[in-house]
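Data block below; observations after.
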Amino acid sequence: MSNLLFQLNDKQKEAVIQTEGPVLILAGAGSGKTRTLTFRVAYLIKEKKVPPKNILAVTFTNKAAGEMIERIKQLLNLPQNISPYSQYLPHIGTFHSICVRILRREIEKIGYKKNFVIYDEQDQQTLIKRVIKDLGISTDQIRPATILGAISGTKNNLIGPEDFRMEVGSYFEEIVANCYEKYNEYLKKADAIDFDDIIMLTVEIFKKFPKTLERYQELFRYLMVDEYQDTNQAQYIFLKLLAQKYRNLCVVGDDWQSIYSWRGADVQNILNFEKDYPEAKVITLEQNYRSTQTILDAAYCIISKNINRKDKKLWTEKKSDQLITSYEALDEKDEANFIAREIKRLKKKMKLKLSNFAVLYRTNAQSRVLEEAFIKWGIPYRIIGGVKFYQRKEIKDILAYLFFIKNPSDQVSFERIINVPARKIGTKTIQKILSSKKESQTILDRIEEIVFGQKSTEFLPKEKVKRLKQFFELIKRNQDFSLKNSVSKLIENVFFESGYEEMILKDRENGEARRENVLELLTVANKFDNEENGLEIFLEEVALVSQTDRDLEKLDAVPLMTLHSAKGLEYEIVFIVGMEEGILPHSRSTLSEKEMEEERRLCYVGITRAKQKAYLLFTTSRNIYGSTQISIRSRFLEEIDEHLLEKISFEEMVKINKKEESNNEDFYEYYEKKLIFKKNNWKKKSKLKKIF
DNA sequence: TATATAGTGTTTTTT
DNA sequence: ACACTATATA
């Protein structure tokens with residue numbers, strides 16, 4: 001182990017051996033924070049002889065947790081196939097996965113059933129719409145998403161419906177208060193909790209039951225938290241309560257990379273750590289192992305304009321041989337073509353893989369033009385983020401069947417599947433079933449009653465009863481089936497029997513692809529086939545896992561993603577597009593200084609992803625919401641010192657490419673046309689547009 | 001209940 | 001430009 005410490009620099013070592021008491025590690029971009037954290041865990045176990053089960057490490061993504069477990073296994077020389085719940089491994093997971101585990105054991109204390117289901121964003125949407133409808137609120141003025149956002153923010157601040165009502169100060173808040181109450185009521189009726197509840201209810205239990213809290217304080221004696229700048233109030237209190245007794249709380253983060261405040265993350269948590277824990281040891285990791293000094297300097301130019309931050313100065317031993325390149329494109333198409341061109345050129349010249357590049361943008365809408373250009377130039381690309389696997393309709397539908405089979409009270413899942421595939425059962429019939437249902441009755445039981453009851457045809461038309469009976473039998477059959485068969489077999493069964501397969505294959509265009517998605521789900525489910533209560537574990541995992549780790553990394557392709565998705569990643573060459581006022585910084589952020597600081601951090605995160613070189617692109621004019629607008633260079637671009645920048649004009653770009661690749665017909669032809677286009681000025685734009 | 005049409009609002013999304 | 005949703009109509 002002490003051998004291993006040689007692999008760390010002095011500051012990192014300091015952070016590792018300071019095992020007792022509160023520790024704040026301010027880890028700059030690329031300073032090896034995950035490495036430090038992992039070593040610290042290994043050090044605690046090997047040198048300090050702390051039992052692994054007394055260590056809790058919290059990350060923000062399942063991916064990060066998975067990677068950390070892998071690295072710790074290696075450091076501790078543990079077998080690869082060891083169970084993640086083994087006593088030889090510390091507890092490592094996201095806030096949500098840790099809290100769900102706690103809730104499964106303790107939630108009955110506060111009157112919930114312990115086999116609750118977890119509603120994701122889509123489920124929440126459906127539920128809140130139902131609430132709004134039932135309360136008779138008009139959606140002309142207020143959008144469901146706004147109300148949901150307000151409720152979520154409130155939950156993140158640990159404010160319950162009653163407390164919220166007391167603080168109501170406006171008409172809008174009054175509506176939110178009403179919705180909040182009913183929303184929670186409906187959740188409870190469906191034995192469901194939402195993402196925010198996972199943390200909030202755990203804290204509630206800790207506060208109400210000191211004995212229970214103490215048990216967890218004893219268990220998690222050593223606490224470590226990654227990405228601390230992204231914690232919200234609820235998570236902050238959760239940690240505070242757990243750390244109260246032993247005060248062994250080590251947090252790692254970088255206030256300069258806080259980019260999720262709009263989701264409730266509070267930078268103040270990291271900025272105030274020393275106030276909360278006056279005896280805290282503060283260690284700053286400033287040596288950067290990723291980028292060149294030029295990149296670090298340029299990034300510093302931008303971040304240094306922020307007032308609300310701790311100061312630090314990143315440095316590197318890497319020498320800089322490349323400046324930051326800025327390119328003024330004619331429009332977004334030229335911008336995209338420049339990148340495609342440049343990637344082709346550099347890939348050859350520097351012997352890079354496509355996955356060594358990355359294109360980053362502020363908004364998802366910007367990806368389309370890029371995709372078109374990559375297709376045109378025949379460059380494989382991959383969109384990171386975007387529509388997630390588990391959010392695709394066919395996957396959600398099949399999962400809803402499983403959820404309903406497992407929990408026949410689950411109203412959201414019920415409404416999702418009752419008429420998919422079409423069974424001619426609409427809102428009217430659904431309404432009748434639900435409103436006639438007794439409190440203690442499951443939805444399925446009520447349907448059974450209707451279908452087999454004496455006066456069934458008085459209650460509903462014959463046709464509907466027949467359809468409902470088919471649905472009832474489908475669910476019943478599969479409930480029985482699920483008792484004797486594996487999850488994957490169950491999925492298969494549901495997929496065929498429900499007529500879902502038949503339905504999606506009618507979609508000539510995407511049917512086959514959608515079918516393959518379901519088959520992909522089957523592959524995921526296979527992993528749970530040998531587990532005791534496979535269905536349960538499978539649904540749990542599916543509710544908490546996003547799709548990030550499912551990216552097929554095999555194919556070499558250029559990753560395209562938002563600046564947010566890029567956090568934590570690194571690439572040799574990084575392109576940031578749309579360095580324009582209104583895009584980066586985004587127009588919605590220009591009103592408040594706080595939000596402007598976040599945009600600046602976003603830009604900082606983007607630039608510091610680059611190991612060798614960063615390109616900053618902007619346009620002269622851009623098509624936005626269907627109309628062309630003249631663009632203004634981003635203030636962030638102006639903030640970078642002149643001597644760090646190399647500006648390439650359109651003509652220079654053409655010259656470089658002609659010289660280096662005069663044999664490429666495609667390219668030659670394209671730029672000839674573009675040159676003519678530019679000479680011909682703006683007036684003829686529409687005419688020439690057709691050529692490209 | 002399914003489908004056509006007009007109207008609307010456009011950030012970011014680790015769980 | 002475009003996708004999504006609420007409303008009208010078959």
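Small disclaimer: the values here were computed from a predicted structure and weren't measured. Here is the naming used below: chain letters follow the sequence lines, and residue numbers restart at 1 for every chain.
The separation between Lys129(A) atom NZ and dC4(C) atom C1' is 9 Å, rounded to whole Å. Between the CG atom of Asp196(A) and the P atom of dT14(B) there is a distance of 15 Å, given to the nearest Å. Across the protein-nucleic acid pair, Ile384(A) atom CD1 and dT12(B) atom P stand 16 Å apart, rounded to whole Å. Distance CG (Leu569(A)) to C1' (dT14(B)): 11 Å, rounded to an integer number of Å. Whole-Å rounding puts the Lys567(A) NZ to dT13(B) C1' distance at 12 Å. In this structure, CG of Asn62(A) is placed 17 Å from P of dT13(B), rounded to the nearest angstrom. If you take CG of Asn232(A) and P of dT13(B), they are 18 Å apart, rounded to a whole angstrom. Separating the CD1 atom of Ile198(A) from the P atom of dT14(B) is a distance of 15 Å, rounded to the nearest angstrom.
Across dC4(C) and dT13(B), the matching P atoms stand 16 Å from one another, rounded to whole Å. Rounded to the nearest Å, the gap between the P atom of dT12(B) and that of dT5(C) is 16 Å.
Here NZ of Lys594(A) is found 12.5 Å from CG of Asn306(A). Values are rounded to the nearest 0.5 Å.
When heavy atoms are screened at a 4.0 angstrom cut-off, Ser587(A) is found touching no nucleic acid atom at all. At the heavy-atom level, Glu227(A) lies nowhere under 4.0 Å from the strands shown. Heavy atoms of Tyr260(A) sit under 4.0 angstrom from at least one base atom.
A cation-pi arrangement is absent between Arg290(A) and Tyr571(A) under the rule of less than 6.0 angstrom and at most 45 degrees off the ring axis.
For dT12(B), the base is stacked against the aromatic ring of Trp262(A), per a cut-off of 5.5 Å between centres and 30° between planes.
For the 3.5 Å distance criterion, the side chains of Thr628(A) and Ser621(A) fail to qualify, holding no donor opposite an acceptor. In this structure, a donor-acceptor pair under 3.5 Å is present between the side chains of Tyr500(A) and Asp397(A).
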Side chain to side chain contact (heavy atoms under 4.5 Å, CB included), that's the test. Do Trp256(A) and Thr608(A) meet it? Break it down for me. CA-CA 11 Å; Trp256(A) 296 4; Thr608(A) 53; over 6 Å; no
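Residues that satisfy the side-chain hydrogen bond (donor to acceptor under 3.5 Å, both in side chains) test with Arg601(A), not counting sequence neighbours, are Glu598(A).
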Can you name the atoms? Protein N/O to nucleotides 8-11 of chain B N/O, anything below 3.5 Å, with the distance.
{"from": "dT11(B)", "atom 1": "O4'", "to": "His586(A)", "atom 2": "NE2", "distance (Å)": "3.2"}
{"from": "dT11(B)", "atom 1": "O2", "to": "Arg362(A)", "atom 2": "NH1", "distance (Å)": "3.0"}
{"from": "dT11(B)", "atom 1": "O2", "to": "Arg362(A)", "atom 2": "NH2", "distance (Å)": "2.4"}

Between the protein and nucleotides 1-3 of chain B, list the N/O to N/O atom pairs that are separated by less than 3.5 angstrom.
{"from": "dT1(B)", "atom 1": "OP1", "to": "Gly426(A)", "atom 2": "N", "distance (Å)": "3.1"}
{"from": "dT1(B)", "atom 1": "OP1", "to": "Thr427(A)", "atom 2": "N", "distance (Å)": "3.4"}
{"from": "dT1(B)", "atom 1": "OP1", "to": "Lys428(A)", "atom 2": "N", "distance (Å)": "3.4"}
{"from": "dT1(B)", "atom 1": "OP2", "to": "Thr429(A)", "atom 2": "OG1", "distance (Å)": "3.4"}
{"from": "dT1(B)", "atom 1": "OP2", "to": "Lys464(A)", "atom 2": "NZ", "distance (Å)": "3.3"}
{"from": "dT1(B)", "atom 1": "O5'", "to": "Gly426(A)", "atom 2": "N", "distance (Å)": "3.4"}
{"from": "dA2(B)", "atom 1": "OP2", "to": "Asn419(A)", "atom 2": "ND2", "distance (Å)": "3.4"}

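By the 6.0 Å contact criterion, CD on Glu121(A) is open, its count of non-hydrogen atoms from other residues, nucleotides or ligands being 12 or less. When the shell of 6.0 Å around NZ of Lys424(A) is examined, it contains 12 or fewer heavy atoms from other residues, nucleotides or ligands. By the neighbour-count criterion of 12 heavy atoms within 6.0 Å, atom NZ of Lys188(A) is densely surrounded, having more than that number from other residues, nucleotides or ligands.
A salt bridge links Glu463(A) and Arg467(A); the closest N-O separation between the charged side-chain nitrogens and carboxylate oxygens is under 4.0 Å.
When each of dT15(B), dT14(B), dC2(C) is scored by its nearest atom to the side-chain atoms of Arg368(A), the top-ranked nucleotide is dC2(C).
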